[in-house]
Undergrad: 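This is the structure I want to talk about, given as structure tokens.
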2 protein chains.
Amino acid sequence: MPGRPKQAHSGKVTLADVATVAGVDRSVVSRVINDDPRLSVRQETRQRVLDTIERLGYRPNAAARSLRTARAYMFGLFIPDFANPVYAEIIKGAEQAANQLGYGLMTASSGGVRLGLQHYLDLLGQSRVDGLLFAGEESGHELERLRSASVPWLLVNRRIEGSRRYVVLDDERGSGLAVEHLAALGHRRIAHLAGPETADTARRRRAGYTAAMAAAGLRTGTRYTAHADYTPEGGAAAMRELLAVRPRPTAVFVANVASAVGALRTLHEAGLSVPGDMSVIAMHDMSLAGHLVPALTTVRMPLEGLGRRSLELLATTHPQDDITEVVAEPVEVVVRASTGPPTP
Amino acid sequence: MPGRPKQAHSGKVTLADVATVAGVDRSVVSRVINDDPRLSVRQETRQRVLDTIERLGYRPNAAARSLRTARAYMFGLFIPDFANPVYAEIIKGAEQAANQLGYGLMTASSGGVRLGLQHYLDLLGQSRVDGLLFAGEESGHELERLRSASVPWLLVNRRIEGSRRYVVLDDERGSGLAVEHLAALGHRRIAHLAGPETADTARRRRAGYTAAMAAAGLRTGTRYTAHADYTPEGGAAAMRELLAVRPRPTAVFVANVASAVGALRTLHEAGLSVPGDMSVIAMHDMSLAGHLVPALTTVRMPLEGLGRRSLELLATTHPQDDITEVVAEPVEVVVRASTGPPTP
DNA sequence: CTGAAAGCGCTTACAG
DNA sequence: CTGAAAGCGCTTACAG
């Protein structure tokens, strides 16, 4: 491109520049920056180095550092869908933790050009990331390929058979709170609109429901549980199943908000009032819940904490270590308009 | 950490390994990989190099390449909120384009630990990114700081005064389609529930509304436009204003879906039926629109194309070039249940 | 046409 | 206690 004005030398300041100006060796500058405990230097000299860095606006070059240390100072987070607010919160937590630890975070969805996992294997091969967080829907079979490569990776919000590296939420507890909320309102016939039987989160939510029902001395019976697929359409169909059961339940705990959207539609179409004829509570709080008609009561789970904790563990553990953690942060019911006492 | 089993050498294959096995010089391998046109080598040799790369599973080390070429092969995308589906689509498009061009994409929100822009300046200082896409809400004042650094950056979906580097959607055209849809249904009194007067997107949508109304020979009058702030609460209040106007409008074009959520609530509370008493159409299609009651008619804009095109332009233009592009991809009305003919 | 060699900007084991 | 030097894995101008 002839005639284009040549870009002025950006004057990138290097470590060598800092050393020259401060009158010390480059190694001293490096050690000051990295807080090397083996460096003993007069406080005065250290301060001079720090001042020089500040004055020249020096920033270590990430590529040089990575090449030398064989670390990318970058993690990857793999999610199925950016548009799902559940993942938005996980991303936020992971991003914060990464920044705090001096790492970058690359977030990618399955929608990428190269098929999801292959893309990540490429990143690993190029040493562009130091580890991977999987919040997506990769099959155990796919992830098997990662196991051979001795790469740090962690499952987020999900367990798969044979893996000892995951961080999950306390879905049992969240589900228990939902049931307790309904029971406290006076409901006795509480149904569960569950997720896919194959999904780990769905299984744990169902287990929490069953346990809480038992603890409250309430009967469950298999007909009071209908499985759906975490989508509005599936939720609508499952709600129709539950409405057909006699005696009809007076309340339902729905495994996720998307299913609850469909469930509310079914109830609306059936001419039933919420919560008059049926109370509805769903797992995971998100702003959409507040805008449904009626506004949906939910269980707020520490999704941001999940992202944060997952990244911290990825950064600070060895790839071979077992990690089987349940995020400890509190879980709570967010009461809106969709739950109330049963009509006598 | 004593006693920890030493990790087996991962056997990272380097360019030198490939050269040795293939029996050529490292520079030949490098040139084959990078398709250097100045390399003349027998087809047979080239194939041998390629085969060796394949067989050894060689992947170029990104850090070494970056250090040498002074390019990070990474772009940054800055968004205000991961949970907003509008940005989810932009991210998707940008991610695809980045992958296709051999770049990575770091997406970050203002929620990071370091205050948004400073975080990016750090990334730039460290040469971790080659350029920045701003889809966020940074003020012109903040962005002024970037102008001094001669860094490639681009505004996405927004213009600010004095900047000649942006990519936007055809909001005028989208708004025009909305008005045309309503006019075709027979509406004459069409109101506009606009966005913030200061927002560039809101101004362009309003301009599109005004122009289309004029083209259809319909009167607008300032009372038929109410400004809100792109939130459900603001939308609810603005809808109340519009309901007070006489003669009452029979249809409203809402500047975004969040405002429409509030507008629908106001209409519901006022006992008005949609679309019987009031047709509602909103800008930007998203799955939430299909789940509102009634399901919301929208204008689908090429958000993914916006992300894709922005990244392509960022990657292929010089920082000094003017970029003032409107994404050319088609815009269309997605008809759902919230629009219909006016009741006579 | 091909290959040897320099060098990008760091870190760190090691010599003094 | 301090600093010189090697080297991480590439790319590319240049010599042969």
Side-chain angles (χ1 to χ4, degrees), chain A residues 9-46 48-49 52-53 56-74 102 122-128 130, chain B residues 9-46 48-49 52-53 56-74 102 122-128 130:
Chain A
H9 184 262
S10 73
K12 272 287 186 215
V13 179
T14 71
L15 184 139
D17 297 328
V18 175
T20 305
V21 173
V24 298
D25 189 79
R26 293 181 304 154
S27 55
V28 173
V29 179
S30 174
R31 286 176 171 125
V32 165
I33 289 172
N34 297 306
D35 271 324
D36 185 336
R38 276 168 300 188
L39 170 70
S40 54
V41 72
R42 275 175 303 172
Q43 175 55 31
E44 185 187 313
T45 309
R46 179 186 298 272
R48 183 152 37 87
V49 171
T52 307
I53 288 172
L56 301 184
Y58 168 69
R59 300 279 150 189
N61 178 290
R65 197 152 166 252
S66 289
L67 178 57
R68 181 57 227 234
T69 61
R71 303 210 298 175
Y73 299 96
M74 176 87 69
D122 284 352
L123 290 177
L124 282 167
Q126 299 166 186
S127 301
R128 289 193 84 143
D130 296 319
Chain B
H9 182 263
S10 72
K12 272 286 186 214
V13 180
T14 70
L15 184 139
D17 297 329
V18 174
T20 305
V21 173
V24 298
D25 189 78
R26 292 182 303 155
S27 55
V28 173
V29 179
S30 174
R31 286 175 170 126
V32 166
I33 290 172
N34 297 307
D35 270 325
D36 185 337
R38 276 169 301 188
L39 171 69
S40 55
V41 71
R42 276 174 304 173
Q43 175 55 31
E44 183 187 315
T45 309
R46 179 186 298 273
R48 183 151 38 88
V49 170
T52 307
I53 287 172
L56 301 184
Y58 168 69
R59 299 279 148 188
N61 179 290
R65 198 155 164 250
S66 289
L67 178 56
R68 183 54 228 237
T69 61
R71 304 211 294 175
Y73 300 96
M74 176 88 67
D122 284 352
L123 290 177
L124 282 167
Q126 298 166 185
S127 301
R128 287 192 84 144
D130 297 319

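Order of the sequence lines sets the chain letters (A, B, ...), proteins ahead of strands, with each chain counted from 1. For clarity, every value in this text was computed on a predicted model and none was experimentally measured.
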Undergrad: With rounding to the nearest 0.5 angstrom, report the OH to CD1 distance, A:Tyr58 to A:Ile33.
TA: 4.5 Å
Undergrad: How is B:Ser27 classified with respect to the nucleic acid when contacts are heavy atoms under 4.0 Å: base, sugar-phosphate, or nothing?
TA: base
Undergrad: Using a 4.0 Å heavy-atom cut-off across all strands, classify A:Asp36 as base, sugar-phosphate, or nothing.
TA: nothing
Undergrad: Please give, in whole Å, the distance from C:dG9 C1' to A:Tyr58 OH?
TA: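 Answer to the nearest Å: 7 Å.
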Undergrad: In Å, rounded to the nearest 0.5 Å, how long is the span from CG of B:Asp36 to OG of B:Ser30?
TA: 8.0 Å
Undergrad: Do the side-chain N or O atoms of A:Tyr73 get closer than 4.0 angstrom to the phosphate oxygens (OP1, OP2) of C:dC10?
TA: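 Answer no for this pair, as no side-chain N or O of A:Tyr73 is under 4.0 Å from OP1 or OP2.
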Undergrad: Considering only side-chain heavy atoms of B:Asp25, which listed nucleotide, C:dC8, D:dC10, C:dA4, is closest?
TA: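 Of the options given, the side chain of B:Asp25 lies nearest C:dA4.
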Undergrad: Applying a 4.0 Å non-hydrogen cut-off, can you work out what A:Val41 is touching in the nucleic acid: base, sugar-phosphate, or nothing?
TA: sugar-phosphate
Undergrad: Is any side-chain N or O of B:Arg65 closer than 4.0 Å to OP1 or OP2 of D:dT11?
TA: yes
Undergrad: Between C:dT12 atom C1' and A:Arg71 atom CZ, what is the distance in whole Å?
TA: 14 Å
Undergrad: How close do B:Ser66 and B:Arg71 get, heavy atom to heavy atom, and via which atoms?
TA: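 Looking at all heavy atoms of both residues, the shortest contact is OG-O, 2.8 Å.
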Undergrad: Which one, D:dC10, D:dT12, C:dC10, comes nearest to the side chain of B:Ala64?
TA: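 For B:Ala64, the side-chain atoms sit closest to D:dC10.
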Undergrad: Starting from C1' on C:dT11, measure out to CG on A:Asp35 and report it in whole angstrom.
TA: 15 Å
Undergrad: Find the distance between CZ (B:Arg59) and CG (A:Leu123) and round it off to the nearest 0.5 Å.
TA: 10.5 Å
Undergrad: Between B:Arg38 and D:dA13, is there a side-chain N or O to OP1/OP2 distance below 4.0 Å?
TA: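 It does, given that an N or O in the side chain of B:Arg38 lies less than 4.0 Å from OP1 or OP2 of D:dA13.
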Undergrad: Relative to the 5' end of DNA chain C, which residue comes earlier, A:Ile33 or B:Arg31, by the nucleotide with the nearest heavy atom?
TA: B:Arg31
Undergrad: Can you tell me the Watson-Crick or wobble partner of D:dG3, both distances under 3.5 angstrom?
TA: C:dC14
Undergrad: Answer with yes or no whether B:Arg68 presents, from its side chain, a donor or acceptor under 3.5 Å of a partner atom in the base of C:dG9.
TA: no
Undergrad: Are B:Asn61 and D:dC8 close enough that a side-chain N or O sits under 4.0 Å from OP1 or OP2?
TA: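 Answer no for this pair, as no side-chain N or O of B:Asn61 is under 4.0 Å from OP1 or OP2.
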Undergrad: Once you round to the nearest 0.5 Å, how far does CG of B:Asp25 lie from CG of B:Leu15?
TA: 9.0 Å
Undergrad: In this structure, how many angstroms lie between the C1' atom of C:dT12 and the CG atom of A:Leu67, rounded?
TA: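 Those two atoms, CG and C1', are 14 Å apart.
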Undergrad: Of A:Arg26 and B:Arg26, whose closest DNA chain C nucleotide lies nearer the 5' terminus?
TA: B:Arg26
Undergrad: With the side chain of B:Leu15 defined as its heavy atoms from C-beta on, choose the nearest nucleotide among C:dC8, D:dT11, C:dT11.
TA: D:dT11
